[in-house]
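Note: hydrogens, waters and symmetry copies are ignored here, and every other heavy atom, side chains too, is used. Start at 1 and go down the list; that is how both ligands and their atoms are numbered.
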Amino acid sequence: MAVIDRIQVSWYRSTFPTPITNGKYTYTVSQVVMVEITDQDGATGIGWVSGNATVYQAVLEWAPQIMGMATDTIERIYDRLYQPKLIGRKGLSTRAVSALDIALWDHLGQQTGLSVHRLLGGYRDSIPVYIAGGYYQEGKGVSQLAEEMLGYVASGAKAVKMKIGALPLSQDLLRVQAVRDAVGDEVDILVDANGAYRTDMARQMARRLADLRVFWFEEPLSAENLAGYRLLRQDGAVTIAHGENEYTRYGFRDLIAGQTVDVINADAQVLGGISEWRKVASFANAYEIPIAPHGNQEIHIHLVTAVPGGLILEYYNENVVGLMQEMLVERLPLNPDGTVSVPNAPGLGVHLDQSVLARYLVASETIRPSQA
Ligand SMILES: [Mg+2]
């Protein structure tokens with residue numbers, strides 16, 4: 001029986017060459033908290049999340065709780081970690097739990113020789129993607145935006161995503177119109193407001209976006225505004241997608257049962273790991289709500305293809321350079337038909353470029369049984 005013998009926790013930070021802006025935030029740095037779990041025989045598993053000093057500290061604090069536990073008792077370990085009274089119900093501490101849980105699934109894959117996709121059920125072997133980009137950037141006008149989207153289409157993508165929400169409605173509509181004119185009618189356009197709108201603005205915008213035939217309208221409202229989401233969904237003008245800022249099966253239960261959402265953007269690195277993601281996927285599937293994970297494609301390719309309700313995968317190409325992409329020996333390749341295939345290697349099948357990571361290391365600590 002393999003047991004958890006050592007947990008290394010590392011925090012990395014790099015600066016974006018050019019800051020990127022969405023409807024609400026500007027990102028200047030890219031940060032990763034990485035967990036490596038090692039058993040007594042030396043087999044390892046890695047898990048990582050986007051995270052800052054708080055996430056790093058939370059992992060260091062929770063990790064000793066699971067030292068010595070059998071590595072293949074992942075639900076038991078999750079239950080030990082998820083103690084709302086101690087760690088909080090939602091938020092950055094849930095990301096810490098996510099990192100540990102993801103590392104355990106990778107470890108189980110390494111142990112069994114199976115990919116995480118196969119461990120979870122292996123529903124399909126590939127899935128269509130949308131290429132995400134279309135950020136606001138200094139000096140980037142409508143024509144540069146259209147060019148960027150055309151580049152994604154040229155690489156094979158049948159769907160592209162752009163940001164809206166930072167400009168007045170009329171100006172953002174011109175940006176979407178320009179992209180529609182550039183890519184034509186056969187390419188799906190997704191728009192993402194990152195929670196930038198009031199309910200009344202979002203309802204107006206949804207009607208206008210319907211004329212431009214968008215595939216979905218992502219996070220028009222803040223994650224807390226469930227009443228607004230219910231109204232938008234009742235309007236039925238466009239497909240409403242959200243969930244990247246929701247946590248745990250309980251949070252998603254309320255999104256889904258509350259009839260606030262058409263497509264779920266669940267993120268295993270945020271909501272509580274792979275164990276929790278699959279519960280969310282099952283619950284969504286029972287309501288016939290498709291799931292389209294948010295963020296990290298190297299992890300989510302395994303999850304979205306493992307379950308029956310998977311719709312589409314968010315995919316970043318080399319146009320958006322963050323630490324999460326830079327740290328990989330090789331990126332998940334895009335097939336010429338706009339799909340991505342699941343890697344067959346054990347676990348998550350991800351190899352890290354340690355020389356890149358070393359450049360961006362902020363702090364690292366290894367927890368051993370004596371500290372538990
Ligand atoms: Mg988003």
Side-chain angles (χ1 to χ4, degrees), residues 16 19-27 30-31 49-51 90-92 94-95 98 127-137 145 148-149 152 157 159-167 172 175-176 179 188-198 201-202 205-206 209 214-226 228-229 232-233 238-247 251-252 255-256 260-271 277 280 284 289-301 303-304 310-317 319-320 322 324-325:
F16 282 118
I20 55 174
T21 300
N22 62 31
K24 216 166 174 180
Y25 312 96
T26 295
Y27 300 96
S30 176
Q31 301 191 83
V49 298
S50 167
K90 299 179 174 186
L92 293 180
T94 313
R95 291 191 188 217
S98 304
I127 193 157
V129 306
Y130 65 87
I131 297 189
Y135 288 87
Y136 300 95
Q137 257 168 331
L145 171 69
E148 177 192 342
M149 295 293 150
Y152 296 157
V160 293
K161 188 166 90 179
M162 60 176 285
K163 298 298 185 183
I164 59 171
L167 297 173
D172 269 333
R175 291 171 66 249
V176 183
V179 172
D188 286 319
I189 300 172
L190 292 65
V191 296
D192 183 1
N194 291 90
Y197 296 125
R198 302 190 312 257
M201 295 166 76
M205 196 62 170
L209 289 169
V214 299
F215 183 83
W216 78 37
F217 187 6
E218 179 175 323
E219 278 203 312
L221 307 171
S222 81
E224 331 302 337
N225 187 358
L226 294 188
Y229 273 116
L232 268 174
R233 192 155 179 266
V238 287
T239 299
I240 301 297
H242 65 117
E244 68 179 73
N245 285 300
E246 192 52 81
Y247 298 86
F252 281 91
L255 292 198
I256 294 165
T260 71
V261 64
D262 295 307
V263 176
I264 290 281
N265 300 136
D267 186 337
Q269 293 180 309
V270 170
L271 66 87
W277 192 96
V280 169
I289 304 233
I291 191 158
H294 163 261
N296 199 274
Q297 60 223 32
E298 277 73 25
I299 292 172
H300 287 121
I301 181 63
L303 312 192
V304 72
L311 178 67
I312 194 166
L313 177 70
E314 177 162 35
Y315 185 89
Y316 284 94
N317 75 4
N319 196 53
V320 179
M324 287 242 197
Q325 292 81 38

When the aromatic ring centroids of Trp277 and Phe252 are compared, is their separation below 6.0 Å?
-> no
Heavy-atom donor-acceptor pair, Tyr316 side chain to Ile131 backbone, under 3.5 Å = no
So does Glu219 have any N/O/S atom less than 2.8 Å away from the Mg ion (ligand 1)?
-> no
Using atom types as modelled and distance alone, determine if a side-chain donor or acceptor of Asp262 lies under 3.5 Å from a backbone N or O of Ile240.
-> yes
Atom name, Glu244 (N, O or S, nearest to the Mg ion (ligand 1)) | OE1
Angle subtended at the Mg ion (ligand 1) by OE2 of Glu218 and OD2 of Asp192, to 10 degrees?
-> 90°
Exam field: side chain Gln269 to backbone Ser50, donor-acceptor pair closer than 3.5 Å = no
